[in-house]
Amino acid sequence: MNISLKGEVILVTGASRGIGAEIARTLGLCGATVAGTATSDDGAAQITETFKSNNIVGQGYRLNVSEADECNETLANIEKTMGPITVLINNAGITRDNLLMRMKEDEWDDIMNVNLKSVYRLSKLVCRNMMKARSGKIINLTSVVGFLGNAGQSNYAAAKAGIVGFSKSLARELGGRNINVNCVAPGFIDTEMTQGLAEEQKKALINQVPLGRLGEVSDIANTVLFLSSDLSRYITGSTIHVNGGMLME
Ligand code: NAP
């Protein structure tokens, strides 16, 4: 059985690299029209190029999700070109790790703005049209760290746990309009976010993973594909854990 996303207009934030780039590619190859975002014009142009070379319908847009005006403008531009967004993937995310005793207010605020407030902001922007259409899907990238905690990541873990509570509430608000809101919680995935870890830290992490390896971006993209498709139509307010068995829920 092939999954077809023909007719879907999908926004993937943070599609210039890592997990977001693979999500955009996977959904695009299944026939969706994809808007992928990067924080720079160069990054956006590169996304457009990548789509072209993969025969994916869509383009790159510049978007800093922590800027309210930019979110309003970019979403309006996307919808003018592509039509109403039918699936929103809130993927953009950053880390600003520090032990609490050393954590500066801006390290806390940056994480809340980029990782959590953006999810509120973009969900609110897309849900008016989804409510009118009585259909839509919102998929939010959280993290295993939001469930287990991680020393040095109290800001990141708080934002990621916040996304789960937000998604459950929104799923209750929008269920009657046939809009599904779900989360994907990756474990440790091989991207630039984890490439900064020391080899010893990586080994220690892998020791906690029953499947014995870091995850690949495709492991996450395939889960997002399932949640973007009609195959998951009776799932809402849930989190799918994709972590090699590191956390079993
Ligand atoms: P990544 O490789 O570091 O890529 C981050 C993406 O987010 C880039 O496309 C980046 O755009 C974009 N971005 C950063 N700041 C932004 C902002 N202010 N506004 C809009 N976009 C912004 O990250 P990743 O590892 O693929 O992670 C993707 C998501 O999965 C994140 O939400 C992360 O928390 C979550 N996650 C990752 C892991 C992991 O092990 N990698 C584990 C659990 C959860 P530019 O290229 O323009 O900077």
Side-chain angles (χ1 to χ4, degrees), residues 11-26 34-48 50 60-71 73-75 78 88-97 106 109-122 125 139-150 153 155-164 166-167 183-197 201-202 205-206 208-209 213-221 223-224 227 239-244 246-247:
L11 168 58
V12 184
T13 64
S16 48
R17 53 199 164 91
I19 292 171
E22 184 63 13
I23 291 172
R25 199 182 72 87
T26 303
V34 185
T37 78
T39 56
S40 65
D41 287 326
D42 277 358
Q46 205 144 16
I47 291 172
T48 303
T50 307
Y61 290 85
R62 183 172 59 85
L63 176 64
N64 179 346
V65 294
S66 63
E67 298 289 338
D69 289 347
E70 218 173 292
C71 288
E73 279 163 30
T74 304
L75 264 76
I78 293 169
L88 167 65
I89 321 282
N90 281 307
N91 166 77
I94 54 169
T95 50
R96 294 273 184 277
D97 297 353
D106 64 347
D109 291 341
D110 283 356
I111 290 294
M112 291 303 149
N113 281 328
V114 175
N115 292 7
L116 181 58
K117 193 168 183 183
S118 66
V119 176
Y120 143 81
R121 188 174 275 147
L122 294 175
L125 282 171
I139 300 159
N140 299 320
L141 271 288
T142 174
S143 169
V144 70
V145 164
F147 293 82
L148 281 174
N150 197 17
Q153 289 198 309
N155 51 358
Y156 182 82
K160 291 300 188 185
I163 287 175
V164 175
F166 172 86
S167 303
C183 294
V184 175
F188 288 91
I189 309 300
D190 192 9
T191 69
E192 282 177 36
M193 197 174 260
T194 45
Q195 277 153 18
L197 295 170
Q201 272 176 300
K202 255 190 214 169
L205 278 176
I206 290 170
Q208 299 169 47
V209 179
R213 62 169 176 88
L214 291 183
E216 293 171 14
V217 287
S218 59
D219 296 321
I220 306 305
T223 308
V224 172
L227 287 176
T239 297
I240 301 189
H241 292 269
V242 187
N243 56 39
M246 186 181 173
L247 168 70

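First listed ligand is number 1; within each ligand, the first listed atom is number 1.
- Residue contact annotation: Glu67 has no non-hydrogen atom under 4.0 Å from ligand 1.
- Among Val242, Leu141, Thr13, Asn91, the residue whose heavy atom lies nearest to atom 32 (O) of ligand 1 is Asn91.
- Scanning for side chain to side chain contact (heavy atoms under 4.5 Å, CB included) contacts around Glu70 gives Arg62, Leu63, Asn64, Glu67, Thr74, with sequence neighbours left out.
- The single protein non-hydrogen atom nearest to atom 47 (O) of ligand 1 is Thr39 OG1, 2.5 Å, given as residue, atom name and distance.
- Look at Asp190 and you'll find every heavy atom at least 4.0 Å from all atoms of ligand 1.
- Leu205 and Val209 get closest at one heavy-atom pair: O-CG2, 3.5 Å.
- Scanning all protein heavy atoms for the shortest distance to atom 12 (C) of ligand 1 gives Gly14 CA, 3.6 Å.
- Between atom 44 (C) of ligand 1 and the options Asn140, Ile189, Thr142, the minimum heavy-atom separation is to Thr142.
- For atom 3 (O) of ligand 1, the choice among Arg62, Glu192, Arg17 with the nearest heavy atom turns out to be Arg17.
- For atom 27 (O) of ligand 1, the nearest protein heavy atom (residue, atom name, distance) is Ile19 CD1, 3.9 Å.
- In this structure, the side chain of Thr194 engages the main chain of Ile189 through a donor-acceptor pair within 3.5 Å.
- Looking at Ala21 against ligand 1, nothing comes within 4.0 Å, counting heavy atoms.
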